[in-house]
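First up is the structure itself, then whatever we jot down about it.
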Amino acid sequence: MNKAVFLDRDGTINVDKGYLHKIDEFEYIDGVLQGLRMFQQAGYLLIVITNQSGIARGFYTESDYLAIDRWMKEDLKNHGVDLTASYYCPHLPKAHLPRFRADCDCRKPRTGLFLRAACDYEIDFHKSYAIGDRLRDSQGICASTECHGFLIGHTEGKEQTEQVKSGRYKNIAYADNLLSCAKAVL
């Protein structure tokens with residue numbers, strides 16, 4: 001069985017600029033490349049799990065998302081980081097575009113994409129981590145499995161951050177950023 005780091009994209013890998021869909025607006029968060037390389041060198045598969053409701057809202061197309069995803073994978077490779085896979089949820093229960101209107105199991109905090117990745121890559125949740133800038137990025141999978149999680153940054157606000165720090169959420173710790181997570185784990 002493999003171990004993995006499940007990564008949110010916006011606010012975890014790149015600066016969250018609100019419905020990012022243009023390559024020229026993509027900007028890595030400080031320390032991300034070093035943190036990803038540390039996890040990779042320690043034998044973790046790197047898997048992006050991201051909600052992309054901007055597709056369902058009509059802010060950008062699925063093709064726009066796929067183009068930036070391809071670019072990100074290639075750019076990371078140029079920086080010595082090999083993403084194993086990326087999974088995305090384009091759905092939203094009240095979507096503007098009817099074909100993406102769904103109350104699906106793949107939209108975080110639900111666990112559909114995590115379970116699909118675990119099946120595709122034979123992942124042991126007990127040895128794995130889910131990292132994101134919002135509780136929804138790790139809360140579902142950490143509550144239902146032995147996966148460990150990190151809430152990073154300050155997107156969630158002071159109250160939720162303090163609740164994570166106090167141990168309120170099963171298997172979820174707090175770290176300033178992805179590099180801090182890598183240092184804590186390794």
Side-chain angles (χ1 to χ4, degrees), residues 4-21 25-33 35-36 39 44 46-57 59-60 65 68-69 72 76 83 85-95 100 102-118 123 125 128-185:
V5 175
F6 299 103
L7 301 147
D8 178 47
R9 191 189 78 177
D10 302 322
T12 303
I13 294 175
N14 59 277
V15 175
D16 189 348
K17 297 185 178 181
Y19 304 106
L20 176 70
H21 63 283
E25 293 179 3
F26 190 98
E27 178 184 351
Y28 293 109
I29 294 172
D30 289 340
V32 161
L33 297 172
L36 291 173
F39 277 123
Y44 287 89
L46 303 175
I47 299 175
V48 172
I49 306 275
T50 180
N51 289 345
Q52 290 295 318
S53 69
I55 297 168
R57 296 171 197 272
F59 296 161
Y60 51 91
Y65 166 76
I68 200 168
D69 187 62
M72 179 183 70
L76 285 170
L83 279 185
S86 62
Y87 296 81
Y88 69 101
C89 172
H91 305 116
L92 198 60
K94 296 180 181 179
F100 297 111
D103 189 15
C104 61
D105 74 341
C106 60
R107 183 168 176 74
K108 294 181 292 184
R110 293 185 176 160
T111 60
L113 294 179
F114 292 94
L115 298 176
R116 187 179 316 156
I123 294 169
F125 285 116
S128 299
Y129 292 85
I131 302 171
D133 66 318
R134 297 194 180 273
L135 281 169
R136 69 176 173 230
D137 297 324
S138 57
Q139 186 177 15
I141 199 64
C142 291
S144 62
T145 71
E146 292 300 315
C147 188
H148 308 281
F150 280 98
L151 172 66
I152 63 171
H154 303 286
T155 305
E156 281 290 12
K158 186 175 181 175
E159 182 179 337
Q160 285 84 0
T161 300
E162 290 304 317
Q163 290 174 352
V164 169
K165 288 179 178 179
S166 72
R168 176 172 180 222
Y169 295 95
K170 179 183 176 193
N171 294 337
I172 301 175
Y174 175 80
D176 288 329
N177 54 40
L178 186 63
L179 180 56
S180 297
C181 293
K183 288 178 178 178
V185 169

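Sequence positions, counted from 1, serve as the residue numbers for this chain. What you see is a predicted model; the values in this text were computed from it and never measured.
Partners of Lys170 according to the side-chain contact (heavy atoms from CB on, under 4.5 Å) rule, which considers only residues two or more places apart in sequence or in another chain, are Glu146. Listed by chain and number, the residues in a side-chain contact (heavy atoms from CB on, under 4.5 Å) with Ala175 are Phe150, Ile152, Ser180, Cys181 (sequence neighbours excluded). Shown here are the salt bridge (charged side-chain N to carboxylate O under 4.0 Å, His left out) partners of Asp10, two or more places apart in sequence or in another chain: there are none. In this structure Tyr87 satisfies the ring pair (Phe, Tyr, Trp, His ring centres under 6.0 Å) test with no other residue, sequence neighbours excluded. Under the salt bridge (charged side-chain N to carboxylate O under 4.0 Å, His left out) criterion, Asp8 pairs with Lys108, not counting sequence neighbours. Not a single salt bridge (charged side-chain N to carboxylate O under 4.0 Å, His left out) links Arg107 to another residue, sequence neighbours left out.
The minimum heavy-atom distance linking Tyr65 with Ser86 is given by the pair OH-OG, 4.4 Å. The nearest pair of heavy atoms linking Cys89 to Leu113 is N-CD1, 3.8 Å. Ile49 approaches Ala117 most closely through the heavy-atom pair CD1-CB, 4.5 Å. Scanning all heavy atoms of the two residues, the minimum distance from Cys142 to Asn171 falls at O-ND2, 3.5 Å.
In terms of modelled atom types and a separation under 3.5 Å, the side chain of Asp137 and the main chain of Asp133 share a donor-acceptor contact. Panel note: side chain Glu156, backbone Leu135; a donor-acceptor pair is recorded below 3.5 Å. Judged purely by atom type and a 3.5 angstrom limit, Thr145 uses its side chain to pair as donor or acceptor with the backbone of Cys147. Side-chain atoms of Tyr174 come within 3.5 Å of backbone atoms of Gly153 as a donor-acceptor pair (strictly under, hydrogens ignored). No donor-acceptor pair closer than 3.5 Å links the side chain of Arg9 to the backbone N or O of Val48. Remark: side-chain polar atoms of Asn177 are paired, donor with acceptor, to backbone N or O of Leu179 under 3.5 angstrom.
A perpendicular orientation is assigned to the rings of Phe114 and Phe6, their planes being inclined by more than 60° (bins at 30° and 60°). Aromatic ring orientation, Phe59 versus Tyr19: perpendicular (interplanar angle above 60°, classes split at 30° and 60°).
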Using the rule given for salt bridge (Lys or Arg N to Asp or Glu O under 4.0 Å), can you reason through Asp176 versus Lys183, listing the C-alpha separation, both sets of side-chain angles and the distance that settles it, and then say yes or no?
CA-CA 11 Å; Asp176 288 329; Lys183 288 178 178 178; over 6 Å; no
Does the pair Tyr60 and Gln52 meet the rule for a side-chain hydrogen bond (donor to acceptor under 3.5 Å, both in side chains), with working shown?
CA-CA 10 Å; Tyr60 51 91; Gln52 290 295 318; 2.4 Å; yes
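In this structure the side chain of Leu76 reaches within 4.5 angstrom of the side chain of Leu33, judged on heavy atoms. Residues Leu115 and Phe125 meet the side-chain proximity criterion, which asks for heavy atoms closer than 4.5 Å.
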